Amino acid sequence: QVQLVESGGGLVQAGGSLRLSCAASGRTFSSISMGWFRQAPGKEREFVAALPWYNDNTYYADSVKGRFTISRDNAKNTVYLQMNSLKPEDTAIYYCAGRILADYTTSAPAYGYWGQGTQVTVSS
């Protein structure tokens, strides 16, 4: 079992920055591929960023490439999402997700573990 808890959401003006954190417990964190997803009102949950458990490669949705950075600190059992140059269309609930000993994927249903979500609101 893996427990995931997000933090760091909030209200920010367009052009601003936020850093989301996702703390994991219950399993060796270094064996978990981690992803960030988001869901805006009335829309489906969409992939944002991911990194696999076995290397430091990172993967991003086109809509956030160059603005968002995913990283992990295995010593702290935490994955981060640094979000810069935020836009109103980035407004959503952001979720972290984990897959144990499996490759990253952009497909939300493939992740077995989810956090409760953290709200990010970007005002224009």
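Remember, predicted model here, so these are calculated numbers, not experimental data.
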S.K.: Measure the CZ-OG1 distance between Arg19 and Thr69 for me, rounded to the nearest 0.5 Å.
M.R.: 11.5 Å

S.K.: Excluding sequence neighbours, so at least two apart, what forms ring pair (Phe, Tyr, Trp, His ring centres under 6.0 Å) with Phe47?
M.R.: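 For Phe47 the ring pair (Phe, Tyr, Trp, His ring centres under 6.0 Å) partners, ignoring immediate neighbours, are Phe37.
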
S.K.: List the steps and the verdict of side chain to side chain contact (heavy atoms under 4.5 Å, CB included) for Val2 and Ile32.
M.R.: CA-CA 9 Å; Val2 176; Ile32 306 173; 3.9 Å; yes

S.K.: Report the distance from atom CG of Asn57 to atom CG of Asp103, rounding to the nearest 0.5 Å.
M.R.: 9.5 Å

S.K.: Could you tell me the separation between the OG atom of Ser107 and the CZ atom of Arg99, rounded to the nearest 0.5 Å?
M.R.: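 It is 8.0 Å, given to the nearest 0.5 Å.
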
S.K.: Run the side-chain hydrogen bond (donor to acceptor under 3.5 Å, both in side chains) test against Thr58 and tell me which residues pass, sequence neighbours left out.
M.R.: none

S.K.: Atom OH of Tyr113 and atom SG of Cys96: how far apart are they, to the nearest 0.5 Å?
M.R.: 13.5 Å

S.K.: Quick check for you: to the nearest 0.5 Å, what is the distance between Cys22 atom SG and Trp36 atom CH2?
M.R.: 5.0 Å

S.K.: Tell me whether Asp62 is salt-bridged to Lys65, with the criterion being a basic N under 4.0 Å from an acidic carboxylate O.
M.R.: yes

S.K.: Provide the closest heavy-atom pair for Leu20 versus Met83 in the form atom of the first, atom of the second, distance.
M.R.: CG-CE, 3.7 Å

S.K.: Could you tell me whether Arg67 and Asp90 make a salt bridge, using a distance below 4.0 angstrom between a side-chain N and a carboxylate O?
M.R.: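 Salt bridge present between Arg67 and Asp90.
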
S.K.: From Tyr104 OH over to Leu51 CG, what is the distance, rounded to the nearest 0.5 angstrom?
M.R.: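 Output value for this atom pair is 10.5 Å.
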
S.K.: With side chain to side chain contact (heavy atoms under 4.5 Å, CB included) as the test, would you mind laying out the steps for Gln116 and Leu4 before giving the verdict?
M.R.: CA-CA 8 Å; Gln116 81 288 353; Leu4 302 173; over 6 Å; no

S.K.: When you look at Ser17 and Asn84, which way does the side-chain hydrogen bond (donor to acceptor under 3.5 Å, both in side chains) test go after all the steps?
M.R.: CA-CA 4 Å; Ser17 298; Asn84 299 328; 2.9 Å; yes

S.K.: Is the distance between the ring centroids of Phe68 and Tyr60 under 6.0 Å?
M.R.: no

S.K.: So Arg38 and Arg45, do their side chains get closer than 4.5 Å, heavy atoms only?
M.R.: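 The answer is no; the side chains never approach within 4.5 Å.
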
S.K.: Please tell me whether Asp73 and Thr78 have a donor and an acceptor in their side chains that are separated by less than 3.5 angstrom.
M.R.: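 Result is no, nothing qualifies.
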
